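Before any comments, here is the structure.
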Amino acid sequence: MTERPHLAVVGAGPAGLAGALAAAARGVRVTLVDAAEQAGGQFYRQPAAALGARRPQALHHQWRTWERLRDGLERHVDAGRVTHLTDHHVWCVEGESGAFAVHALRGPAQEEGVTVRADAVLLATGGYERVLPFPGWTLPGVVTAGGAQAMLKGGLVLPGRTAVVAGTGPLLLPVATGLAAAGARVAALVESADPKALVRRAPVLAAQPGKLAEGAWYSGQLVRHGVRVLPRHTVVEAHGADRLEAVTVAGLDRDGRLRPGTARRIPCDTLAVGHGMLPHTDLAETLGCTLSGTDVRVDGEQRTDVPGVWAAGETTGIGGAALALAEGHIAGRSVAARLHGTTPDPRRWATASRSRTRLREFFAALDAVYTPPADWADRITDDTVVCRCEEVTAEQVRTAVDTLGAGDVRTVKLLTRAGMGWCQGRICGPAVAGLTGCPFTPGRRPFARPVPLGVLAALPEQETD
């Protein structure tokens with residue numbers, strides 16, 4: 001009997017789960033590779049079983065959707081159609097159409113190498129938060145908005161008792177309401193965007209009534225918990241000696257610049273700050289996939305321009321769980337057809353395709369509104385650390401440009417070591433680009449994460465199907 005074609009899916013968030021289920025249901029053998037101990041990704045992040053959460057659904061929206069994905073995955077795993085590899089950290093994907101190798105590090109220590117071989121690959125690697133520094137941002141108690149949400153969902157812990165949620169973007173709403181519902185006092189939600197800008201895009205936004213209803217629900221929760229909302233405001237500085245004690249926020253004018261005389265100080269022990277997200281593209285770039293800006297470029301079937309490689313979810317453009325589900329479903333069906341040697345019929349996923357189109361338009365409108373304040377880079381003081389891994393300050397970055405003549409981010413990196421640390425520029429990259437006045441472009445790396453030399457040396461002996 002001919003062995004079923006094999007698909008490797010990297011990432012078990014909404015896009016990866018939807019793709020894996022769609023392909024497995026159509027006769028494809030699937031290996032789902034994910035770094036977490038449980039499926040769900042960041043959006044459906046689950047607390048550890050040992051914590052004994054009685055009502056984890058209280059921390060989530062779209063819980064029924066998650067239950068369908070979870071139950072579907074369990075059925076396919078039990079039937080032998082899907083192999084779910086948890087705690088596997090993928091550091092590289094290589095190969096060509098029909099012969100791919102997904103290299104991962106297994107376990108919490110990430111010291112044991114594993115290789116999964118497949119006929120095709122679906123990259124559903126998600127996104128990461130854009131971090132923009134400001135004076136005091138390295139104080140204990142300052143976390144990213146997604147980090148605060150992850151602590152709550154995955155660890156059932158609050159990052160602090162009195163919080164300020166700040167930055168820009170739709171993520172701030174669930175973070176603020178989630179913290180308030182869990183018992184924190186949210187002193188303020190500080191949003192730099194202008195609500196009037198949303199009104200100007202009403203026709204596009206109105207095409208997604210479900211999203212508008214979701215936003216209205218969050219607004220109602222903010223009122224219920226007494227959260228003060230400060231639109232067209234931004235965090236100027238975080239204060240504290242050994243840890244965060246307060247933040248200073250100020251109003252913004254129509255051009256996104258600070259309005260004189262509007263600064264106010266808000267006592268808090270936690271600042272959850274975020275300025276949107278960026279796609280994870282490391283693995284796609286290693287394979288040679290073309291990017292469109294910061295997003296992996298795909299066609300109507302979610303295929304990249306590298307034969308045998310599909311991509312779905314946030315890696316193709318930030319757009320939330322519903323868009324990721326639609327893209328993952330389309331990718332899974334396309335993979336199944338192609339691996340079985342047939343031409344896919346787009347009519348089979350027409351509903352998902354319409355959803356994808358509408359949601360892409362919706363989030364394109366939001367992206368135009370939720371942008372960082374215009375002068376954020378100018379407000380970074382010279383002594384502010386920009387690259388935490390290598391302890392590079394804003395002054396050093398500016399000196400590299402103004403005195404040493406650096407004209408691009410790569411040259412700044414060579415002159416200052418900004419971006420050479422553990423995170424390889426994922427955290428400081430947007431900040432360095434903003435300070436230099438250069439566009440932010442993802443840096444191509446051979447590996448998506450640090451790899452022990454022993455794993456590289458022993459790779460041939462470690463290979464397994």
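What's counted below: heavy atoms across the whole structure, side chains too, no hydrogens, waters or symmetry copies. Being a predicted model, the structure only gives us computed values, none of them experimental.
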Verdict with supporting geometry, Asp71 and Glu74, side-chain contact (heavy atoms from CB on, under 4.5 Å): CA-CA 5 Å; Asp71 295 346; Glu74 290 177 354; 4.1 Å; yes
Leu152 and Val157, any side-chain heavy atoms less than 4.5 Å apart: no
Backbone of Leu73 reached by a side-chain donor or acceptor of His84 within 3.5 Å: no
Side-chain H-bond candidate by donor/acceptor type, Trp376 with Thr234, under 3.5 Å: no
Atom of Ala145, atom of Glu129 and distance for their closest heavy-atom approach: N-OE1, 3.4 Å
Check against side-chain contact (heavy atoms from CB on, under 4.5 Å), Tyr44 and Thr65: CA-CA 10 Å; Tyr44 294 117; Thr65 301; 3.5 Å; yes
Within-4.5 Å side-chain heavy-atom neighbours: Val186 and His225: no
Donor-acceptor contact present, side-chain Trp349 to main-chain Ala326, <3.5 Å: no
pair Thr316-Gln302: side-chain heavy atoms closer than 4.5 Å: yes
side-chain contact (heavy atoms from CB on, under 4.5 Å) between Val392 and Val432, intermediate numbers included: CA-CA 10 Å; Val392 179; Val432 173; over 6 Å; no
His280 and Tyr128 aromatic ring geometry - parallel, tilted or perpendicular at 30°/60° bounds: tilted
Side-chain heavy-atom pair His103, Val455 within 4.5 angstrom cut-off: no
Over all atoms of both residues, closest heavy-atom pair of Thr168 and Ser192: CB-OG, 3.3 Å
pair Glu285-Val296: side-chain heavy atoms closer than 4.5 Å: no
Non-hydrogen atoms of Pro5 and Val28 that approach each other most closely: O-CG1, 3.5 Å
Lys/Arg-Asp/Glu bridge criterion (N-O < 4.0 Å) met for Lys413, Glu390: no
Residue pair Thr286 / Val93, side-chain heavy-atom distance below 4.5 Å: no
Side-chain touch Leu325/Phe43, heavy atoms, less than 4.5 angstrom: no
Heavy-atom neighbours of Trp422 CH2 exceed 12 at 6.0 Å: no
Thr177 side chain vs Tyr218 backbone, donor-acceptor pair below 3.5 Å: no
Pair listing, salt bridge (charged side-chain N to carboxylate O under 4.0 Å, His left out) test, anchored in residues 189-202, at least two apart: Asp194-Arg232
Short N-O contact, Asp408 and Arg410, less than 4.0 angstrom: no
Whether over 12 other heavy atoms sit under 6.0 Å from Glu67 CD: yes
Trace of the side-chain contact (heavy atoms from CB on, under 4.5 Å) decision for Leu271 with Val142: CA-CA 5 Å; Leu271 170 62; Val142 180; 4.2 Å; yes
Backbone N/O of Ser292 and side chain of Arg297: donor-acceptor pair under 3.5 Å: no
Donor-acceptor under 3.5 Å (Gln110 side chain, Arg106 main chain): no
